[in-house]
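The structure appears below as structure tokens.
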2 protein chains.
Amino acid sequence: MTSIISPDGTFSTETGTTDRLLTPGEVARIFGVDPKTVNRWALTGKVPSIRTPSRQRRYLESEVRALLRDGSVGTDG
Amino acid sequence: MTSIISPDGTFSTETGTTDRLLTPGEVARIFGVDPKTVNRWALTGKVPSIRTPSRQRRYLESEVRALLRDGSVGTDG
DNA sequence: ACGCATTTGGGTAATTTGGGCT
DNA sequence: TATGTCCAAATTACCCAAATGC
């Protein structure tokens, strides 16, 4: 999957999907966990992450959504 | 029930309700049962649940409250 | 009271998480 | 607000006996 960065900072994929970068805190709220836990997921490779020049982590919204679907909001898997 | 993730990480339902996620322990205290029992409800599809990338479960507060109403106090059977 | 299927909790070990501090 | 580390608490998955419901 190739991503293209738009002037507004979003990522566009070939399918036309627009992708936003989420902070650890945002991802944490999505999963109902502590931000520290999200960073642990990045360290253990459970969630892919991007590093800013100041070593902070950012997460692709599409990846986060995909993980949410894996642990579906419906019946337990 | 379709859920939409807001930028702040909360879940929005069709009714516009904002939702927060509860841990197994919190749900267990609400129903007065063991956390293990809550997870069993998830496994048997009685309660929808979200799975973290580390396979822990989180529960939508609105779903939990809806279940509390279904088995409402005073209307036995 | 009885039998039978279902549900629940106790116990354990391994993994995951959150609080405090930096 | 995010990072990194240590440590106690929470969660998970398993088996098995007690409780529950019909």
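Below, each value reflects all heavy atoms present in this structure, side chains not excepted, and no hydrogens, waters or symmetry copies. So that the names make sense, note that chain A is the first sequence line, chain B the second, and so on, each numbered from 1.
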Quick one: which of [options] gets closest to the side chain of [X]?
| X | options | answer |
| --- | --- | --- |
| B:Arg58 | D:dT11, D:dT5, D:dA13 | D:dT11 |
| A:Lys36 | C:dG20, C:dG10, C:dT17 | C:dG20 |
| A:Pro24 | C:dG20, C:dG9, D:dA2 | D:dA2 |
| A:Arg55 | C:dT15, D:dT3, D:dC14 | D:dT3 |

Exercise for review: Please check the phosphate of D:dA2 (OP1 and OP2 only) for any side-chain N or O of A:Thr23 closer than 4.0 Å.
Suggested key: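 The answer is yes; a side-chain N or O of A:Thr23 sits under 4.0 Å from OP1 or OP2.
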
**Study point:** side-chain N/O B:Thr37 vs C:dT7 OP1/OP2, d < 4.0 Å
**Key:**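 B:Thr37 to C:dT7 OP1/OP2: no side-chain N or O under 4.0 Å.
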
Round to a whole Å and report the spacing from [atom1] of [X] to [atom2] of [N].
| X | N | atom1 | atom2 | result |
| --- | --- | --- | --- | --- |
| A:Asp34 | C:dG19 | CG | C1' | 8 Å |
| B:Leu43 | D:dC15 | CG | P | 14 Å |
| A:Trp41 | C:dG18 | CH2 | P | 8 Å |
| A:Arg40 | C:dG18 | CZ | C1' | 7 Å |
| A:Tyr59 | D:dT3 | OH | P | 6 Å |
| B:Arg51 | D:dA13 | CZ | P | 5 Å |
| A:Leu22 | D:dT1 | CG | P | 16 Å |
| B:Arg57 | C:dT17 | CZ | C1' | 15 Å |

Check your understanding: Is it true that a side-chain atom of A:Arg57 and a backbone atom of A:Ile50 form a donor plus acceptor pair closer than 3.5 Å?
Key ->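 Looks like no, no N/O pair under 3.5 Å.
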
Review point. Are side-chain N/O atoms of B:Asp19 and B:Tyr59 paired as donor and acceptor at under 3.5 Å?
Key: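 Judged by distance alone, the side chains do not pair up.
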
Exercise for review: Establish, from distance only, whether the side-chain atoms of A:Thr52 and A:Ser54 form a donor-acceptor pair under 3.5 Å.
Suggested key: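 Indeed, the side chains of A:Thr52 and A:Ser54 share at least one donor-acceptor pair under 3.5 Å.
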
Practice item. Would you kindly compare B:Pro35 and B:Pro53 by the position of their nearest DNA chain C nucleotide and give the one closer to the 5′ end? Key: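 Looking at DNA chain C, the more 5' nearest nucleotide goes with B:Pro35.
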
Practice item. Tell which nucleotide pairs with C:dC2, taking only Watson-Crick or G-U wobble pairs whose two distances are both under 3.5 angstrom. Key: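 The base-pairing partner of C:dC2, which may sit in any strand shown, does not exist here.
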
Review point. Paired with D:dT1 by Watson-Crick or G-U wobble geometry, both distances under 3.5 Å: which nucleotide is it?
Key: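 Pairing partner, where one exists within any strand: none, as none qualifies.
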
Practice item. Not counting sequence neighbours, which residues clear salt bridge (charged side-chain N to carboxylate O under 4.0 Å, His left out) with A:Glu63? List them please. Key: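 Not a single residue meets the salt bridge (charged side-chain N to carboxylate O under 4.0 Å, His left out) criterion with A:Glu63.
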
Exercise for review: Looking only at non-hydrogen atoms, find the nearest pair between A:Phe31 and B:Leu21 and report the distance.
Suggested key: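 Looking at all heavy atoms of both residues, the shortest contact is C-CD1, 3.5 Å.
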
Point to revise | Touch class at under 4.0 angstrom, heavy-atom based, for A:Ser54 against every strand present | key: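 Result for A:Ser54 = nothing.
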
